[in-house]
Structures are given as structure tokens and as C-alpha cells.
Amino acid sequence: MSYAYLFKYIIIGDTGVGKSCLLLQFTDKRFQPVHDLTIGVEFGARMITIDGKQIKLQIWDTAGQEAFRSITRSYYRGAAGALLVYDITRRETFSHLTTWLEDARQHSNSNMVIMLIGNKSDLESRREVKKEEGEAFAREHGLVFMETSAKTAANVEEAFINTAKEIYEKIQEGVFDINNEANGIKIGPQHSPTNPSLPGAGGKDGSQGGGCC
Amino acid sequence: MSILEDENATWIQELENVLLEECTASDIYCLCKGKPLPDSIRQEVWQVCLDVRDKGNQIDHFNEIFDLPNQVVLREDCANFVSKLGNDEAERPSIVSDLESILTFYCKSRSLQYERGNGWIELLLPIITLKVGKSTIYNLFEGIRDMYIPQGSHKNGNVFHILRLLLLYHDPELCNLLDTKKLTPDLYCLTWFQSLFAATCNLNVTITMWDYYLQQSDPFFVFFLSLIMVINAREQIISMKNEDKETLIKMLTSMPNALEAEDVADFCSLAQYYAAKTPVGFRTDLMQSLYSGKGDDISLISQALCLPVSVQELVENSSMDGGNADAVRFFIVDCRPVEQYNAGHLSTAFHLDCNLMLQEPSAFQTAVQGLLNAQKQALAMNSNAGGEHLCFLGSGRTEEDQYTLMVVASFLQKHTQYVSILTGGFISLHDYFGNQCGDYLQDHVSSQCMVCGPLMTAGKSGKQTNRGQSNDLFGKISAAMKNKSAEVKGMLFEYIVNPNNSPVQERHVSSSDKQGKRYRNVAPVFSIDDDHDNVTSDQIQEDDERQFVSIQSWLKNADLIKHFPCQEVKLNGFMYKSHLMVTDTHLVVLREIPDKKGTAEVIVKRPLTAIVKITAKKRHPDLITFKYGVHDGDSLMISDMDSFLIPEAHIATKVVTEQILKQVKTIELLM
């Protein structure tokens, strides 16, 4: 199928927070209560529509375990968006967010859009992290925030699509250099690279583009 | 029954003779083949195997001052432990005091701290039962700790990362299940490693296992024993997968309890089988850091996606004989972008385009299916490219290797067995071959090669002679000879007579040229070290000059009396397709070189007069062992032996015997 853009995503966060389940819910629209540990990295894709344009999301689901951390790091490069996931029923997964964020910022391009996700919102009775805390963390670090449930599918679509919208806007603003694949964006095969909405200034390498978001 | 007893008596007798002399663990293994030892000579054998016979009385230097920081804990633990042994009440205080002295002295002389539950006391138990003096107990204890207890046997130690990788290699599904339950090996097999199973197995089992273990003298064996423990409990683990973590840990930890003395032999040979089915490169890489505590380069292991294979191992492996079905054979999967592959690759590498997985998942599935079919076919044809063990190869650059890792991960997620990845990828491979890449890589176009492209000088690219499979042979020697490549290559071509390639034969080296040793291991007396120490023997082999000859020219040799195609059988069970040449004066073994038809390597050349004994196995009359040595009064001193599987072995033995007699007569006439 043809597409206007391809966005590359990475999903990160502690082991067991539901990264693979979020991906499965988004790509296959189903939930698997017992999921094997992700080995290294898995991969999923889905087409969405934004602003009447077909956009292909290529999503890299990484293993949360410490042991795979160095493998995970190699995937930050060349990602346009990241979903940073924690589990609202496990406080420690929230406490580790700073480490994840440092890691992500250090190894990715600075324009990468990061969406903070508090998963397992269906388990209200076991909640350990308040929604407000997530919001505060997101505000402080300039992230977009959302609580989701991979089980009930609540907000799952939104999480992925809103991230894409954010990236799309950045493209329109000329923040992303879409000709540099290292930014995690690719123009579809049937679309000419001369995008009218892309100002020439966008070519000044994504590493130092608009720092404010 | 009486035959069995006879057989028993013979090897024990022989063993006792050997023990009177200087001997090594491998001499003992030759005789016992890992069998349990008679109680009477166990302590002697263990001392030989641990090489502590000449250690002297070390503990004599102990000043009998008991002032360790945790002396109280140590004393308490010793007393506690001894109280459970069931010895006479009267004996106990002296045992406790011996234990405490030994461990205190050990702490002091090694500057270590005793910690409760570190396995030391359990490790001492089998040694105490030998009923030897305190100084011998100490020496044995020290020997076992040094040789067999990996330094990283602590929580989250590198030892357990390796064990996990081995489990992933052999049973990915089980490994994934345990990972999902967050059951890392250190949670359940810490004591196995710390005490070499003494803490979890009953005493008889431990001793029988140690008999085998020490003879085998392979410090990595504990990994495979542990691996078997886990794999053996597979069904049970799966059936308990919904239990909580603690229950599972308990079950796993205590698995060795169930082992009985009669099972040990089977258990060990199973471990041996798995060891043979595992690439060995990781051992060489990790030996240092595991057993001497030096080197901390363990991130390679703790962060590895799957078992790493070194370039050297891969290259050497491709040049190995395909005859042994049990040995590791690689099926190489090159995952680099197609342009890179086309600009040079191993002749035996199958290309799998990683980008397909992203762009066209279904086409990728087809490609994988094609790959697996190709693997099956290659295996069926016993091709050089065939192998059960998948070795994935990336470029060695992070940008591209993230795709390689993804592909490898996809195989692991499908629970594919025997998955490994080449450390350093193509760049390392290229470095290894150095400026001889043109010879070892197929279709190597230096102008487009990702490694040498921009730097390559003109003129080099024309040198694409002798490429493809036949080059594997060179790989082995190339690393050592890289710098003086041109000159050395000349010599190699001299050794390797290639029947189809005339330029090679035209080359001649005059007899005045240095040729090194004409053959290896000529000396009538030397000890077999094949099993003794993997690391060193491998290195020796590499530095050693090898002699290659044409089988045909040997057959035309006028001195040749008779020729027998056979399989050489090594102690470790490996078999090599070989030719036994009986000449007037010598017994010569030529080992065939897998992809160089008609060429062979001279393995040994023994004077016929050195043969003192020829034996055949009762159950395998075709398995013949030639023993070499000298007559020492009435007894024989065996210094070495070679074993072969020879069809119609009786003819061979007859020819050899006749020839030996002739030789002896000639010598007598001359004298």
C-alpha cells in the first residue's frame, strides 16, 4: 500500500509495563493476557490517516530488561517518536522514568516526539501512581501524556495517533528534515521529495532544530 | 560377569601403574574413560587431576592464628556442618578444627573473606571423605577452587549470563519461559556452581560426578551439567509455570537432589553431548575472566542477544571435516544490505535481506522459508555450507546492525534452536582476513567493499584466484601469517597440491628452503594433551606448522606397503576421515581436508618400532588402538596412542604386525 510518510516509533519502559500488549492492541486490535518476554526487539506496522494523508507507522517494540539495554539503545537512532511507558500499578516503573528519559534523550535525535504513557488504567483498584503525577512529570519534561489500557483498548489508538500528529506538525513547521532518514521519517515511494510545505531551512540537520516544544 | 570383572581389574591395574609415574589428567582419562574410581586410589587420582601432587605441605605455613573478621561465623558454620555428618561424637572436634584451619588459612593466603553460604564448606565434604591428611585436603580444595569454580559465581555474576545464553541456544522456548517468570539462573543454580554440586547432590553422586569431572578436566563442564539439569526438568517447569516464583526457585534449586549415583554416567555423557553441540569460541574468550578473575569484558555476554561466535571460530569451523555428525557446523546467514553482500561475502554465506522484514513482511517470511529449505538441502547433501547451527552476520556497524539484531530476535522469538551471531560482523571478518580478503571472500570487489573500498590500492583486486570454498583452509592459518603474507602464501601453495590448478603445482620451493618440521609429534614419547586444556592446545596447533600432501602421490610412494581408508577417533569422540599408510618403517596418518579433494594433512608419523601394543575393543572389533611406548623391564610404558575405526580391521592389524616383525628383524640383523 502506498503512503505519504513513514514514521518510525520506538516503545520503551521497564519490563512488564505492557509495551508489547500496547503494540498488539494497536496493530491487531486484540489483547493477550499472558505475554512472553520480548526477546531483543519486535516489530509491528500499521497505516493511519492524518490530514487526509496515509501514514505508515513502523513500530519497534523493545525489551525492557536491563540485559537488553544496549540493544535498545541502538534503536533510538532513527526514531521519530517514542512511547515511554510505565505501569500505574507499579510505582518503581514510574520512578525509573528519569533513567529512561535520559537514555532516550542521549541516544536519539533531539526532535524525537516522546509520549508518556501510564498503562493498565483498567486496574484502578491497584493504582499506585496518580494520574496527576504522570501529568506533572510530563509537563516538567515537555512530554505529551496519556493513560491507556492495552486490555480495554482505552486511549491506545489515541496514543499512537496523537504522537503521529505531533510529528506531522513538526514536519509542517519544517523542524524535521525529512530527507534525512536518521530522523525516522521517510517519504512514501510514490511521493516526490519536493514537498511544498517543506521550507528549505529544514535542511539544517535535525540535531539542532527547534529545541522548544 | 567374570569378563566384566577382568576388564575392571585390567584398567585398575593399568591405572595403578600409571599413577606410579608422572602422569596427567588426560593419561588417566585414557584409561578410565570417566568411570567411577575405586575408593583406594581416588585421592591419588584426584591429586593428579588437580595437579597438586607436588604442592607440598602448604598449610604448614599456617600460624594457627584465628582472627578473621568473621571467624565466629566460620567456626559456627563448620561445627553446624560437621554435626550433620553423622561421624562419631569423638571425631567431630578434630574435623571441625581441621575445617576451620583449612578455610582460615585459605582466606588468609588468598586475601579472601569467608561468607556464610559461599559453598566452601560443602566443597570440602567430598574431599574429607577421602581420608587424607590436612595438607592434602587443603591442596585439593585449593585446586578445585582454582580450576573449577568460576570467579563470577555470585549473584548476577557473568557465569549466569553465560548459562542463560547456553539455555537460549539449546532450548529457546524454555529460556523464554524462565525469562518471562524473571527466573534468572543465579536464583536457582548459584549453589551448583559454588560447590560443584556438592551442596545439592548426595555424597555418592557428588563423588561419582567429580570422578568424571576431574578426569575430564574441562572447567566449562559445570555449565553443561547445569544446562542438562534445567533442560531435564523442562516438562516439570512447564507444568508449573503458573506457580509463583518462590515455588519455582525451590523446585529448580533442588533438582540435583533427585540424581542418583547410577544416573551420573548418563547424565555426564548427556552433558558431553550438549557441549559438543555448542560452539566453543565463547570459552576461549571467557576463560580468563571466568577463572582467573582478570578482564572484565563481560558486557559482551551480559548484554548479548544470543550466543556470540568469534570470527576465528567461524572461519576455522568452515574448514573443518564434515565427517563428524555431532560437531557444530554453521549455516551462515549474511544479513547485510544486498549491495554490501554483493561486494564480497563468505562463499558459504546465505543472504537474507533484513530490509524485507520491514518493508514486506510476507516476502520476508518467504525468504526465511527459503533459507530454512536451503539449510535442509545443504545438510542433506552434507555440503560445506550446511550446518544445523545458524550463525548470523551483520555489517558490524550499529546503523545497519539494528536490522540484523531484529532479524535474529525474530528467529529467537520463534524459538529457533542454535542461533548465534558473529561478533563484530563483516568488518571483523574482513579485518581477520586482512589484505588477503580477495582470496577468502567470494565476489570481493574492493572498490565497492564497505570496509576496504575507499582505501584499497589498485592492482589488488585482480587477485581473485582460488576463491570460494577451497579457501577455507587458509583461513585457519591466515591470522598468524597475515604480516608476511606473500612469502608465506608461497609456502602454503607448495604444501597444498591442487590437482585442478596448474599454477600451484608449478611453484617450487627448493630443498634448501626452511620447511620447519617435516611432521608433527615425531618424538616417541609425549603426552596427549588433547583434553587437558582447550585454550593452550588450540594455540599450539595454530602456531605449529602443518604439512599438507597429496593422497595420490602417497599412494604411488614405493615405500608404501598398504593403505587403509579409516576414521581417526579422538579421545573426545571426534572422528576424522583419514588414511592409514603403512610404509616399510612407519605408520603415517593422513587426515583428509574436507574441501580439498585429494589433499590431506599429515597428522602423525610413527616409527613402526615404537608400537608396543595393538588393541581392539571387544564390542567394536573395528576400533583399533595403536599404543606407543617402550619396554621397561617386564612392564610397558605407554607414552601415546592413536585410535582408528578401520573397516576390516583385522587385515590392517595383520599387515602392521607383520611389518613390525620385519622391522625388528632388520634391526636385529643390523646389530
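Here the structure is a predicted model, which is why all the values come from computation and not from measurement. By convention in this document, chain letters (A, B, ...) are assigned in the order of the sequence lines, proteins followed by strands, and residues within each chain are numbered from 1.
- Aromatic rings of B:Y274 and B:F224 (six-membered ring for Trp) have centroids beyond the 6.0 Å cut-off, not under it.
- Judged as a ring pair (Phe, Tyr, Trp, His ring centres under 6.0 Å), the pairs with a partner in residues 30-54 of chain A (not counting sequence neighbours) are, in order, A:F43-A:W60.
- When heavy atoms are compared at a cutoff of 4.5 Å, B:K181 does not approach chain A at all.
- Taking B:F350 as the reference, B:F331, B:L371, B:A374 meet the side chain to side chain contact (heavy atoms under 4.5 Å, CB included) condition, with sequence neighbours excluded.
- Between B:Y169 and B:H389, a ring centre-to-centre spacing shorter than 6.0 Å is recorded.
- At a 4.5 Å heavy-atom cutoff, the contact between B:L358 and chain A is made by backbone and side-chain atoms alike.
- Chosen from A:R69, A:Q58, A:Q65, A:R73, the residue pairing most often with chain B at heavy-atom distances under 4.5 Å is A:Q58.
- Highest contact tally toward chain B, considering only A:G40, A:S70, A:G16, is held by A:S70 [criterion: heavy-atom pairs under 4.5 Å].
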